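Data first, discussion second: the structure below is written as structure tokens.
For the single chain, residues carry numbers from 1 onward in sequence order. These figures come from a predicted structure and were not determined experimentally. Heavy-atom basis, side chains included; hydrogens, waters and symmetry copies ignored.
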Amino acid sequence: MSPLHDDTTQPATPAADKPFRKTGAAAISESPLHPRRKSRRIMVGPVPVGGGAPISVQSMTNTLTANVPATLQQIAELTAAGCDIVRVAVPSQDDADALPEIVAKSPIPIIADIHFQSKYVFQAIDAGCAAVRVNPGNIRKFDEVGPSICKAATDAGISLRIGVNAGSLDKELYAKYGGPTPEALVASAMKEAHMFEDVGFHDFKISVKHHDVITMVETYRLLASKGDWPLHLGVTEAGPAWQGTIKSCLAFGALLAEGIGDTIRVSLSAPPVEEVKVGCKLLEYMGLRQRKFDIISCPSCGRAQVDVIQLATAVTEGLKNVIAPIRVAVMGCIVNGPGEAREADLGVASGNGKGQIFIKGKVVETVPEDRIVETLLTRANDMAAQMEANGEIPVNATGPVVIPVQHPGR
């Protein structure tokens with residue numbers, strides 16, 4: 001295990017030519033559930049990872065990297081959604097050639113995703129990428145080029161990401177352990193870590209992804225007990241949006257509740273922006289990021305005197321672009337409705353064909369049922385505009401997570 005680093009021993013971060021988003025407002029982020037695991041700190045551009053730093057949210061573009069305008073447009077969308085670090089694929093020479101312009105124009109740090117061709121690693125470093133994702137297991141002749149990669153990264157002052165996915169486990173370890181078990185994945189990751197540490201390079205984070213929630217959690221727990229490396233959490237091949245969100249929230253929630261994890265990527269078969277929205281909200285609900293925009297609504301039940309599903313869906317869709325840190329309560333009955341609406345910044349308690357509108361705990365008006373949605377939207381937008389005018393919207397503010405609803409016949 002390499003020695004733990006603290007803030008006083010960190011090397012100075014090179015000055016950036018342009019401002020980057022910073023993760024969180026504090027240098028240290030503690031969980032309300034469990035002390036954070038002690039890990040050493042690395043830098044991805046100006047974004048700290050590990051050492052108690054706020055947990056960063058990552059995603060990966062799905063554009064052709066060589067298509068610079070399309071890639072930069074998607075990076076802008078990810079940034080607006082709250083992404084802290086973005087990865088771009090570099091499978092070809094054209095992609096590698098596009099990196100300097102992408103790095104120069106991106107508002108957030110770029111990680112180059114490299115497989116097979118070590119020459120792209122050096123080109124990515126020369127292009128100014130904040131980090132490189134490199135898997136020693138699939139880089140040709142890594143024993144020969146590994147030390148040179150470490151020297152180039154050291155000279156450039158950048159970090160690396162290493163690790164293994166269940167689908168890319170070393171054949172010998174697969175045979176030894178009978179498959180991608182937690183023990184096999186950790187053995188593979190530690191083997192890679194030692195390749196770098198043996199030549200004096202320590203500025204890397206590790207991922208040990210698996211598609212199965214239980215295996216993933218057990219793997220990260222085991223790896224966390226073996227050393228102080230910063231850990232990149234992910235459930236690989238998690239599936240379509242709904243399934244992948246559930247898997248990621250279960251796995252990340254279990255680990256983050258134990259203080260394990262320094263940066264996350266929610267992997268979904270969905271637009272990358274949706275990955276970021278889920279990741280940001282997950283951290284908010286775990287108490288690891290400042291609360292931002294939130295909608296609470298009651299479940300449908302026999303007490304409801306209004307179509308709660310339709311009402312909550314309409315309000316969420318109508319406010320999907322609101323990023324002010326306000327909580328909106330959409331309630332459908334007189335049992336819990338008034339209390340929940342009163343606790344929110346803005347809320348409605350519905351029943352008997354009308355809705356009582358609450359602001360900061362007080363009823364401000366009563367409207368017919370058919371005006372509830374428009375009234376909430378107007379009030380919420382007015383509150384958001386006032387907060388923006390007062391400078392009360394935090395950096396990295398995000399809107400609600402909107403799950404598309406399929407309507408019969410459409």
Check Lys105 with Glu101, please: is the shortest side-chain N to carboxylate O separation under 4.0 Å? yes
Taking all heavy atoms of Glu392 and all of Pro325, pick out the closest pair and write down the distance. O-CG, 3.8 Å
Quick check: are there more than 12 heavy atoms from other residues, nucleotides or ligands sitting under 6.0 Å from CD of Glu172? no
Say whether Asp294 and Tyr285, considering side chains only, have a donor N or O and an acceptor N or O under 3.5 Å apart. yes
Expected output: side-chain Thr154 to main-chain Cys150 donor-acceptor under 3.5 Å: yes
Report the C-alpha distance between Ile162 and Phe196 in whole Å, list the side-chain angles of each, state the deciding distance to 0.1 Å, and finish with yes or no for side chain to side chain contact (heavy atoms under 4.5 Å, CB included). CA-CA 10 Å; Ile162 64 173; Phe196 290 90; 3.4 Å; yes
So with a 6.0 Å cut-off around CD of Glu374, is the heavy-atom count from everything else above 12? yes
Has the side chain of Asp95 got a donor or acceptor atom that lies under 3.5 Å from a matching backbone atom of Ser92? yes
Please say whether more than 12 non-hydrogen atoms of neighbouring residues, nucleotides or ligands are located less than 6.0 Å from CD1 in Ile246. yes
Under 3.5 Å donor-acceptor, Thr236 side chain and His211 backbone: no
Would you say the side-chain atoms of Asn165 and Ser168 include a donor-acceptor pair closer than 3.5 Å? no
Under 3.5 Å, is there a donor-acceptor pair between the Gln123 and Gln93 side chains? yes
Salt bridge or not for Lys205 and Glu192, using N-O below 4.0 Å? no
Does any part of the side chain of Ile372, heavy atoms only, come nearer than 4.5 Å to the side chain of Ser350, both counted from C-beta? yes
Interatomic spacing from CD1 in Ile111 to OG in Ser59 - rounded to 0.5 Å: 11.0 Å
Shortest non-hydrogen contact from Leu268 toward Ala241: CD2-O, 3.9 Å
Exam field: side chain Ser31 to backbone Leu33, donor-acceptor pair closer than 3.5 Å: yes
As an exercise, state the distance from OG of Ser106 to CD1 of Ile75, rounded to the nearest 0.5 Å. 4.5 Å
Once rounded to the nearest 0.5 Å, what's the spacing between atom CG of Leu256 and atom CZ of Arg36? 8.0 Å
Go through the steps to decide whether Asn135 and Val164 satisfy the test side chain to side chain contact (heavy atoms under 4.5 Å, CB included), and finish with yes or no. CA-CA 7 Å; Asn135 281 353; Val164 62; over 6 Å; no
Which atoms form the tightest heavy-atom contact between Ala81 and Val273, and what is the distance? CB-CG1, 3.9 Å
Can any side-chain N or O of Arg289 pair as donor or acceptor with the backbone N or O of Pro54 at less than 3.5 Å? no
Side chain to side chain contact (heavy atoms under 4.5 Å, CB included) between Val186 and Lys226, intermediate numbers included: CA-CA 9 Å; Val186 169; Lys226 300 292 186 180; 4.3 Å; yes
Do Pro46 and Pro109 come within less than 4.5 Å of each other through their side chains, counting heavy atoms only? yes
When rounded to the nearest 0.5 Å, the distance separating OG1 of Thr61 from CG of Leu78 is 7.5 Å
Flag the pair Phe293 / Leu319 as yes when at least one side-chain heavy-atom distance between them is below 4.5 Å, and no otherwise. yes
May I ask you to check whether Ser39 and Asp262 show a side-chain donor-acceptor distance below 3.5 Å? yes
Are there over 12 heavy-atom neighbours, none belonging to Ile309, within less than 6.0 Å of that residue's CD1? no
Could you check whether Gln74 and Asn62, counting side-chain N and O atoms only, form a donor-acceptor pair closer than 3.5 Å? yes
When you check the gap from the basic side-chain N to the acidic O, do Arg221 and Glu258 get nearer than 4.0 Å? yes
Strictly distance-based, threshold 3.5 Å: is any side-chain N or O of Thr263 a donor or acceptor partner for the main-chain N or O of Ser56? yes
Are the side chains of Phe252 and Val266 in touch, meaning some heavy atoms are under 4.5 Å apart? yes
Val49 vs Ile85 side-chain heavy atoms within contact, under 4.5 Å: yes
With side chains defined as the heavy atoms from C-beta onward, is the minimum distance between Met387 and Ile326 less than 4.5 Å? yes
Tyr220 six-ring centre to Arg37 NZ/CZ under 6.0 Å and within 45° of normal: no
Quick one about Asn390 and Gln386 (side-chain donor to acceptor, distance below 3.5 Å, no hydrogens or angles considered), yes or no? yes
How many angstroms lie between CD1 in Ile264 and SG in Cys280, if you round to the nearest 0.5 Å? 7.5 Å
Decide side chain to side chain contact (heavy atoms under 4.5 Å, CB included) for Asp113 and Met60; before the verdict, give the C-alpha distance in whole Å, the side-chain angles of both, and the deciding distance to 0.1 Å. CA-CA 9 Å; Asp113 189 89; Met60 185 173 183; 3.9 Å; yes
Scanning both residues in full, the closest heavy-atom pair of Ala224 with Ile260 reads CB-CD1, 4.0 Å
Out of Lys360, Lys292, Arg379, which one pairs with Asp345 under the salt bridge (Lys or Arg N to Asp or Glu O under 4.0 Å) rule? Lys360
To the nearest 0.5 Å, what is the distance between CG on Asp155 and NZ on Lys151? 3.5 Å
Any donor-acceptor pair under 3.5 Å linking the side-chain atoms of Thr63 with those of Thr71? yes
Minimum heavy-atom separation for Ala112 and Val90, please, with both atom names. CB-CG2, 4.0 Å
Which atom names give the shortest non-hydrogen contact between Tyr120 and Ala96, and what distance separates them? CD2-CB, 3.9 Å
What do the steps show when you test Phe142 against Phe116 for ring pair (Phe, Tyr, Trp, His ring centres under 6.0 Å), and what is the final call? CA-CA 10 Å; Phe142 185 82; Phe116 308 117; over 10 Å; no
Beyond-backbone contact of Ile357 with Leu346, side-chain heavy atoms, under 4.5 angstrom: yes
Applying the salt bridge (Lys or Arg N to Asp or Glu O under 4.0 Å) criterion to Glu275, which one of Arg265, Arg87, Lys281 satisfies it? Arg265
Heavy atoms, side chains only, cut-off 4.5 Å: are Leu99 and Cys129 in contact? yes
